[in-house]
Amino acid sequence: MLIFDFDGVLIDSLDEVILTVYNTAVGQQMTSLADLPPALVGLFRRNRFHVQPIGDGILLMNWCLRHFRGESEKILEPREYEAIIATATDPVHQRSEQVYKTRQQFIERDPVGWIALHHPFQPLWNELVQRQNQQGFAIVTNKNRAATERLCRHFGLSVPSNNIYSGDDGITKIEHMQHIQKRFGAETFYFLDDSLKNLLELDRVLNRYKKMLIPLLAAWGYTGPEDQKLAQKSGCGVMRQADAVALLTQLSPLR
């Protein structure tokens with residue numbers, strides 16, 4: 001079975017994430033990246049790969065706001081990013097819920113503008129659309145369910161609601177994958193994600209006693225500058241979209 005992350009793997013949502021996290025951090029209601037300083041946007045974009053639960057994006061944005069004027073080209077080292085996250089004074093699930101709330105407010109104010117900030121990654125998206133009635137795949141994401149389902153519908157992908165495992169209620173990808181394993185009972189699961197940290201954590205926990213998960217890094221996603229090399233050294237596969245389409249075709253051939 002092939003399981004997909006959403007942001008950075010199926011949908012390019014980086015512009016929306018930047019705006020939504022910015023609005024959450026500063027209490028604004030901006031709806032265009034043109035309203036933000038280009039250097040701030042660029043600095044967050046370069047360091048987006050560090051963020052796992054989106055609530056941590058607030059802390060990264062706050063750091064970017066303090067540093068974009070003098071360090072607009074900086075890419076944080078992992079230890080520097082972890083030091084930023086360690087300054088949090090409220091739980092990550094609470095911060096994530098703040099982002100989800102701000103996103104919903106954005107959608108209600110300007111639904112057309114919100115959608116316009118997203119673009120499916122092609123050709124992978126269309127390959128899934130062609131197979132949507134076969135239901136041989138699932139989505140595991142830190143994004144909230146309402147936004148994920150809205151984007152799937154808009155771009156023509158029908159996914160059963162119970163095949164979308166979202167970031168609501170602070171549920172982790174590890175917990176979701178454990179549930180999927182029990183639900184489907186397959187011997188092997190392929191998981192395609194653009195976060196190497198997520199993949200390594202999943203590999204460490206889920207493959208501790210028996211190899212059940214094959215972690216795959218999406219090379220086209222929000223990856224760090226060294227992630228592909230580190231993935232290969234760690235035993236994670238690195239895939240281009242053409243590779244992902246070939247794997248999808250192998251596991252779920254068109255009928």
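A donor and an acceptor atom, one from each side chain of E108 and Q104, are located under 3.5 Å apart. Side chains of E149 and S161: a donor on one and an acceptor on the other come within 3.5 Å. Remark: the R95 side chain and the T24 side chain contain no N/O donor-acceptor pair separated by less than 3.5 Å.
E16 places no side-chain N or O within donor-acceptor distance of the main-chain N or O of L117, the cut-off being under 3.5 Å. A donor-acceptor distance shorter than 3.5 angstrom exists from the side chain of N163 to the backbone of F137, with no hydrogens or angles considered.
Going from atom CD of Q94 over to atom OG1 of T89 covers 8.5 Å, rounded to the nearest 0.5 Å. Taken to the nearest 0.5 Å, the CG atom of D5 stands 7.5 Å off from the CG atom of L10.
Partner Y222 forms a side chain to side chain donor-acceptor pair (under 3.5 Å) with one of D227, D12, D194 and no other, that one being D12.
Side chains of H118 and D15 form no contact here, defined as non-hydrogen atoms less than 4.5 Å apart. Counting heavy atoms from C-beta outward, C152 and I139 have side chains that approach closer than 4.5 Å. The shortest side-chain heavy-atom distance between Q178 and L206 falls under the 4.5 Å cut-off. Using a 4.5 Å cut-off on side-chain heavy atoms (C-beta onward), T249 and R131 make contact. In this structure, the side chains of F4 and L124 come closer than 4.5 Å at one or more pairs of heavy atoms.
In this structure, the side-chain contact (heavy atoms from CB on, under 4.5 Å) partners of I75, at least two apart in sequence or on a different chain, are R46, N47, F49, P225. Legend: residues meeting side-chain contact (heavy atoms from CB on, under 4.5 Å) with Q52, ordered by chain and number and at least two apart, are S195, K197, N198, E201.
In this structure, K101 places its NZ atom where only 12 or fewer heavy-atom neighbours from other residues, nucleotides or ligands lie under 6.0 Å away. Residue-environment remark: CZ (R69) stays at or below the threshold of 12 foreign heavy atoms within 6.0 Å.
Between H50 and Y81, the ring-plane angle classifies as parallel under the 30° and 60° cut-offs.
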